[in-house]
Each structure stands twice: as C-alpha cells, then as structure tokens.
Amino acid sequence: MRRIVLKYGGSSLATIENVWHVAELVHDVVRQGQTPAVVVSARGDTTDELVATAERFSGAAEHTAALARERDQLLACGEISSAAQLALALRSRGVEAESLTGAQAGLSVSGPHGSGVIEEIDASRVRANLDAGRVVVVAGFQGTNAHDDVTTLGRGGSDTTAVALAVALDRARCVLNTDVDGVFSADPSLVPDARLFSTVSGDVLCEMAFGGARVVHPRAAELAQLFGIELWVRNTFTDRPGTRVLSGGSSMIETAPAAHAVVHDGDVAYLSVHPLGAEPEPGEAGPRELVAEALAAAGVPADFVGDTRLGADVAVGLAVSSSAATPVAEAVTAAFTRAGRKVRVDTVGSLATVSLVGSGLLSRPRCLADALAALREARVIPLACTTTQSRCTVLVRDEDTGTAVRALHDAFELDARARTDSTLVSAS
C-alpha cells in the first residue's frame, strides 16, 4: 500500500484538546489499515514565544553564526515537544508510536542557521518503524548539518519537512492539515467571497506561495512540484476534502483566464543600498553583485532587486521580509567592507507586496494595465511594480494591503460567484 505522510501545523495542535483530536484522526487512519508518518509543527504560538525568549537573551548583540546556532537549538524544541506529546497521546489510545527529532529521522541540512535547506534524508529509521506497524511522529522544521548541529529550515519549514519525507518514502501521498479549508483565490479574511479551489496546479501554487500565500510554504510547494508528489491541503477540524495540488499543468487554450488568484505578503521592508566613494574599476565587483553576494550569504530571497542611477547617485533597491532587513543590511555592509568600499543602507518598513498570480501575464499587457487601473480607482499608490509571465507584483504601504487585494480580486472577477469552476490549473 502506498505510504502517506500527514502534517499538522501549530494551529492544529494549539491546545491539549487539539492534540487529542489529532491523535484520534491519526488513529482513524491506522484503523483504515495504514501506518502514517506524521510531521508536526510547534504548538500554537510556541515558536513566537521561543523567538521572543531568544531576543531577550541576545538583545542587541551582533548577528553571528554562534548566536544563530544557539537560537536554532532553542527553536527546535517547539517541534520536538509537539512530536513527543502526540506520540504520548497515540500510545494512550493503544497506537504504537515513536517520536523522532529531525536528526533521528535522518534529515541532513546545509546552509546557514535559521534558513537551512534539506540535502538528503536517510529514512531508514522511519521506514523500519513504519514496516513494524509503528506510527512515526517527526519534529518538523529542523535537521542537522555537517557538524551535527541542529539547523532550522525557516518559518513554515515543517511543510518542507513533510514533502521531503514524502519524497524519501517513495513519493508517498502528502496531506498538509491546517486551519483553513484549502487553497483560496485570496485570503478569506480579506476577501470573504474568495473562491475555494478543489484542485490547483503545482506551478500556480508555487507562485502563490512565493507571493505571500501562507497556506503552503514556498519551498514545500516547489519540492512537491519538482518530484510529482500528490499533495493535499485540508482543514484539520472539518470533513471537507480540501484542495488537491496537481503536479503538472494543463492543456488549457490561450483564451483561458490569465488571472487566477491574488496573494499578499504583509511582512516586507525595502532596502536602498547607496555606494559611497568612487565607482568600481572595470573587473571589480559592482554594487548589484555585492548585494547579490550578501543575499546569498544571508540565505535570504529578495524581490524588486534593481538599481537606479540619478546623476552621480547610484542605488540598489530590494524588498525582503521585515525580519530579514537587519541581517541583510549587516551582510551588505560586510560585503562592501570586504571589497574595500563604503556604503549606506536605508530601510523603509511597514510595506507589503500584493501579487496577481496567473498565466501569460507578461504576454498579455492588458493584465498589467487593468491591475494598475484597479489600484488607481481604489486610491492605492504602488511604490514599485514588477511583472513576469506568472506574477504581477506591486509594493504598497501596509495599510493599503486589504484595499489592494480586494481591488484586484474584484477587477479580475476571481470571486466564487463570477467563476463557478473551482478547479484551478495553469495554461501551458
């Protein structure tokens, strides 16, 4: 029988009663003749509390590798605790279960602390337990690096753990259980009539996730698409089937709707990097290259990366998550210092990105024109704009996020009443 990986997020495990509920759900799967591997996040607000604790002890200390290591040691405790609690709840119900840390589950991770990437999984211990009829409960969000140190995968990394484990278990079916009914055309808290999709193609989900949709971690969506994992997103607390993620595109014709969904990320800061002094000589690294090296060193993705030249003033701009603004600014300064150059980094916070996700947006110039017109009519001023074939993104002030999301959702008629087809696939 094909194996199954079940992932339960922090909201699904927020209270002791929730843990008992999840244990009953897992027991139901066992009664149906399957022995699942279960991946869990930290319960409720545990991670936020541990982050706050780490900040209380580290204070204004310089961001160093040693400090990041200790922070990871602390943050990993949240998922480990969840795994042990669920295993205890299962055993109390007579279900054989064993909890495993990321290291015990065989997850090897590389990259910097706080944003590690999974290199490989030695799933032999997980597989042996499953073969023996024991449910395995794996602490998500973590693994160990080449020095046997705990390294976390970044916020939302338990999704990535679950999909990676599904890959290691011969492309097992993977179900991400959360507190929403599935994937919507927009955040239902901002757009009450947002459409719930019964299916969504993996490439569209990837763009939605990278654009800020919180329902699936971006790297998990990308991994599922890359390895053809059968992925589902469903609600822990209802019997609704949720959304099935299709691993391929479709054969929709060119006249299919270009716009599919609107997503947003309300945790954005914009950095302006101003090189000081003489311009680099030919053959020396330029400002954009130094910024790119800093981003790579910090392991931070960025949007709106580009430079401007107004007279003698050259600036490189980029948008990153608010939590990454300080580490990136420090990494940029360090990169310029190593190159023997001086730099000033200005940061503007309280910003958000709003993205129209679809297919063929760049080759349909009307999409960008209509999007900007909708924002103008809603009195939202885009601070920056970028467009690719699959995503049109604008940078706005945080207070304009909800207005911008609703304006684009209405302008492209994405609500449930305008489109009765709840299947979302991309044009190929």
Side-chain angles (χ1 to χ4, degrees), residues 1-9 26 29 34-42 69 72-73 75-84 86-87 97-177 202 206 209 216-233 245 247 299:
M1 182 180 293
R2 188 181 183 189
R3 298 192 188 279
I4 183 170
V5 176
L6 306 174
K7 182 262 177 179
Y8 292 95
V26 175
V29 174
Q34 287 188 293
T35 304
V38 182
V39 175
V40 293
S41 299
R69 177 192 180 277
D72 271 3
Q73 291 278 105
L75 297 188
C77 296
E79 279 70 19
I80 294 172
S81 175
S82 290
L86 181 56
E98 180 175 272
S99 66
L100 299 176
T101 65
Q104 292 168 335
L107 276 79
S108 296
V109 176
S110 63
H113 286 285
S115 57
V117 294
I118 300 172
E119 281 199 341
E120 62 179 353
I121 299 180
D122 177 2
S124 55
R125 182 168 178 177
V126 173
R127 200 182 297 273
N129 272 284
L130 297 178
D131 290 343
R134 281 189 295 276
V135 173
V136 178
V137 186
V138 178
F141 176 65
Q142 62 186 266
T144 53
N145 63 17
H147 304 291
D148 289 330
D149 287 333
V150 173
T151 303
T152 63
L153 308 179
R155 296 302 292 263
S158 292
D159 283 357
T160 308
T161 301
V163 176
L165 186 58
V167 173
L169 294 175
D170 304 320
R171 290 182 169 83
R173 180 179 179 228
C174 185
V175 182
L176 305 180
N177 295 279
C206 284
V216 177
H217 193 261
R219 284 157 54 191
E222 187 178 46
L223 197 60
Q225 173 75 349
L226 181 64
F227 286 94
I229 296 300
E230 181 187 344
L231 186 65
W232 289 77
V233 181
V245 182
S247 59

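Values below: every heavy atom of this structure, side chains too, minus hydrogens, waters and symmetry copies.
- Distance alone, capped at 3.5 Å, places no donor-acceptor pair between the R125 side chain and the G106 backbone.
- Here D72 pairs with H113, T151, T152 under the side chain to side chain contact (heavy atoms under 4.5 Å, CB included) rule; sequence neighbours left out.
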Worksheet item: Run the side-chain hydrogen bond (donor to acceptor under 3.5 Å, both in side chains) check on S110 and E119 step by step: do they pass?
Response: CA-CA 6 Å; S110 63; E119 281 199 341; 3.1 Å; yes
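- Across all non-hydrogen atoms, the minimal contact from A209 to A221 is CB-CB, 4.4 Å.
- Residues passing the side-chain hydrogen bond (donor to acceptor under 3.5 Å, both in side chains) test with N129 are E98, R134, sequence neighbours excluded.
- In plain terms, the two heavy atoms of V109 and G143 that are nearest each other are CG2-CA, 3.5 Å.
- A168 approaches A123 most closely through the heavy-atom pair CB-CB, 4.1 Å.
- With sequence neighbours excluded, the residues forming a salt bridge (charged side-chain N to carboxylate O under 4.0 Å, His left out) with R127 are D170, listed by chain and number.
- For the salt bridge (charged side-chain N to carboxylate O under 4.0 Å, His left out) test, residues two or more places apart in sequence or in another chain that qualify with D131 are R3.
- Summarising the geometry, atom CG belonging to L100 is positioned 10.5 Å from atom CD1 belonging to I80; distances are rounded to the nearest 0.5 Å.
- Note that CZ of R173 and CD1 of I229 are 12.5 Å apart. Values are rounded to the nearest 0.5 Å.
- In plain terms, the two heavy atoms of T101 and A139 that are nearest each other are CA-CB, 4.1 Å.
- Taking CD of Q73 as the start and CG of D149 as the end, the distance is 6.5 Å to the nearest 0.5 Å.
- Checked against L169 for a side chain to side chain contact (heavy atoms under 4.5 Å, CB included), the options I121, V136, V5, I4 give a single hit: V5.
- Listed for the Q34 side chain is a donor-acceptor partner under 3.5 Å among the backbone atoms of R2.
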Could you pull out every donor-acceptor pair under 3.5 Å between side chains of residues 156-166 and any protein atom, sequence neighbours left out?
from : atom 1 : to   : atom 2 : distance (Å)
S158 : OG     : S41  : OG     : 3.2
D159 : OD1    : K7   : NZ     : 2.9
D159 : OD2    : H217 : N      : 3.0
T160 : OG1    : H217 : ND1    : 3.3
T161 : OG1    : F141 : N      : 3.0
T161 : OG1    : G157 : O      : 3.2

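- Across S82 and V40, no two heavy atoms sit closer than the pair CB-CG2, 3.8 Å.
- In this structure, C206 SG and E222 CD are separated by 6.0 Å, a value rounded to the nearest 0.5 Å.
- Under the side-chain hydrogen bond (donor to acceptor under 3.5 Å, both in side chains) criterion, S81 pairs with Q85, not counting sequence neighbours.
- In this structure, A37 and L130 approach most closely via the heavy-atom pair N-CD2, 4.1 Å.
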